[in-house]
Amino acid sequence: MKKNYKVILFTEYFIYSFPFYVVLLLKKEFVFIIAIWMVKLLLINLSGFNLKVIKYPFNTFNIYWHISFRKYRLIYMLPLLLVLVFMAENSKNQNLLYAVFLGLCIIACTPSFEREKIEEIKYNTFSAEKYLLYQFRNSVINTAYLVSPILILLCFLYMWEKMLFIVFIFIIPLLNLMFRYIYFKNNLLQQILFIFFIASSILLFGVPLLAVPFMYKKAIKTINELKTC
């Protein structure tokens, strides 16, 4: 069972990262793909150790930020990402920085693949729109905590132009939150369509992003249905 769990977990990581693998494959960056796989294998094996519980500064409106970080030991990716930033600067290899941003995106999206109980939504006093906005707010605040060490290091290394990529690390989890509520009762469908949406946005230069207002309305409609079911 333990071995099957690790295979399933690695498969989930692979699915979440698939759009970025496509980009790396197109650029023939096979070494970075292997490096990412090695890091993920390390994280999966770390999850089996009983290490000291780490207190996280995350906003608790979405408790799955805490749960995901403890369950998957995501905090241990941050030192590696910081090292990769130094390596990117020393070797002048921009692809290492892209790997860092990829890692941050994966971490920031992971809590959005989890689900609260329907009863938690049903008995929440917020309206559907306010509830979704608070989920967005929670994601932005917690993502800010996540990226702040990388952002400080980029400032320290005078890599100002690369800081623009940080914006995408905030946007992608927000998109995943909308998919989370649109397909609340089908986690697998959420994952598949989210990956397809991100991949198509990369390949089609952001054209699918025009559907975001409709996705937002659909997410609110689904939350309303969950509240009244």
Side-chain angles (χ1 to χ4, degrees), residues 8-9 12-13 15-20 55-72 74 101-102 104-148 165-202 204-229:
I8 293 170
L9 191 55
E12 287 186 356
Y13 279 140
I15 293 173
Y16 300 159
S17 312
F18 183 75
F20 305 100
K55 293 183 178 180
Y56 301 106
F58 300 134
N59 183 290
T60 56
F61 187 81
N62 181 359
I63 196 63
Y64 288 104
W65 274 84
H66 289 267
I67 293 173
S68 296
F69 265 71
R70 290 173 181 171
K71 181 179 179 180
Y72 303 119
L74 297 177
F101 298 140
L102 166 62
L104 290 173
C105 283
I106 293 171
I107 296 173
C109 283
T110 300
S112 300
F113 285 106
E114 304 290 344
R115 273 158 175 65
E116 62 270 47
K117 294 180 180 179
I118 293 178
E119 288 76 12
E120 295 178 53
I121 299 176
K122 188 173 182 178
Y123 296 110
N124 189 285
T125 57
F126 292 162
S127 65
E129 185 173 7
K130 187 175 181 181
Y131 184 83
L132 183 58
L133 289 175
Y134 265 71
Q135 288 287 355
F136 287 163
R137 176 177 174 270
N138 173 269
S139 177
V140 171
I141 292 172
N142 291 341
T143 303
Y145 285 126
L146 174 66
V147 304
S148 57
F165 289 95
I166 298 294
V167 175
F168 295 102
I169 301 170
F170 284 88
I171 293 174
I172 292 176
L174 297 181
L175 294 172
N176 197 28
L177 271 172
M178 284 190 282
F179 275 100
R180 168 181 171 175
Y181 291 109
I182 292 172
Y183 303 102
F184 189 83
K185 296 182 179 180
N186 194 327
N187 184 273
L188 180 60
L189 189 58
Q190 176 203 348
Q191 295 178 31
I192 293 173
L193 293 180
F194 173 68
I195 292 167
F196 176 78
F197 185 86
I198 296 299
S200 60
S201 296
I202 294 171
L204 299 176
F205 306 101
V207 173
L209 294 175
L210 295 174
V212 167
F214 302 100
M215 292 165 53
Y216 176 74
K217 290 182 179 179
K218 176 61 176 175
I220 292 175
K221 181 181 178 181
T222 303
I223 295 173
N224 269 322
E225 291 173 353
L226 292 170
K227 279 181 165 293
T228 57
C229 66

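Bear in mind the structure is a predicted one, so any value in this text is a computation, not a measurement.
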### Query
What closest approach, in Å, do Cys109 and Phe113 show between heavy atoms, and which atom pair accounts for it?
O-CD1, 3.3 Å
### Message
Which label fits Tyr134 and Phe61: parallel for a plane angle under 30°, tilted from 30 to 60°, or perpendicular past 60°?
### Response
tilted
### Query
Of all heavy-atom pairs between Leu104 and Leu146, which one has the smallest distance, and what is that distance?
O-CD2, 3.9 Å
### Query
Heavy atoms, side chains only, cut-off 4.5 Å: are Tyr145 and Trp65 in contact?
no
### Query
How close do Ile106 and Thr110 get, heavy atom to heavy atom, and via which atoms?
O-OG1, 2.7 Å
### Query
Would a 4.5 Å heavy-atom cut-off, applied to side chains only, mark Val140 and Leu174 as touching?
yes
## Note on the structure
CD1 of Ile172 to OG of Ser201, rounded to nearest 0.5 Å, is 9.0 Å
For residues 222-229, run the donor-acceptor check on the side chains, cut-off 3.5 Å, and write out each pair with its distance to 0.1 Å, sequence neighbours left out.
residue: Thr222; atom: OG1; partner: Lys218; partner atom: O; Å: 3.0
residue: Lys227; atom: NZ; partner: Ile121; partner atom: O; Å: 3.0
residue: Lys227; atom: NZ; partner: Asn124; partner atom: O; Å: 2.7
residue: Lys227; atom: NZ; partner: Phe126; partner atom: O; Å: 2.9
residue: Thr228; atom: OG1; partner: Asn224; partner atom: O; Å: 3.0
residue: Thr228; atom: OG1; partner: Glu225; partner atom: O; Å: 3.3

### Query
What is the minimum heavy-atom distance between Arg115 and Phe184, and which atoms define it?
NE-O, 2.5 Å
### Query
Do any N or O atoms from the side chain of His66 and from the backbone of Phe58 form a donor-acceptor pair under 3.5 angstrom?
yes
## Note on the structure
Interatomic distance, CZ@Phe170 vs SG@Cys105, rounded to 0.5 Å, equals 10.5 Å
### Query
Do the non-hydrogen side-chain atoms of Ile107 and Phe69 ever get within less than 4.5 Å of each other?
yes
### Query
Can you check whether Asn142's main-chain N or O pairs, donor with acceptor, with Asn59's side chain at less than 3.5 Å?
no
### Message
Taking the side chain as everything from C-beta on, heavy atoms only, tell me whether Phe179 gets closer than 4.5 Å to Met215.
### Response
yes
### Message
Which label fits Phe168 and Phe165: parallel for a plane angle under 30°, tilted from 30 to 60°, or perpendicular past 60°?
### Response
tilted
### Query
Is the shortest heavy-atom distance from the side chain of Phe101 to the side chain of Ile166 under 4.5 Å?
yes
### Task
Answer whether the closest heavy-atom distance between the side chains of Ile198 and Asn176 falls below 4.5 Å.
no
### Query
Rounded to the nearest 0.5 Å, how far does CG of Asn138 lie from OG1 of Thr143?
8.5 Å
### Task
Look only at the side chain of Gln190 and the backbone of Ser112, and say whether a donor-acceptor pair between them is shorter than 3.5 Å.
yes
### Task
For Ala108 and Pro111, work out which heavy atoms get closest and say how close.
O-CD, 3.5 Å
### Task
Answer yes when Arg180 and Glu116 have at least one side-chain N-carboxylate O distance shorter than 4.0 Å, and no when they do not.
yes
### Task
Look at the side chain of Tyr216 and the backbone N and O of Met178, then say whether any donor-acceptor pair between them is shorter than 3.5 Å.
no
### Query
When rounded to the nearest 0.5 angstrom, what distance separates NZ in Lys71 from OH in Tyr64?
9.5 Å
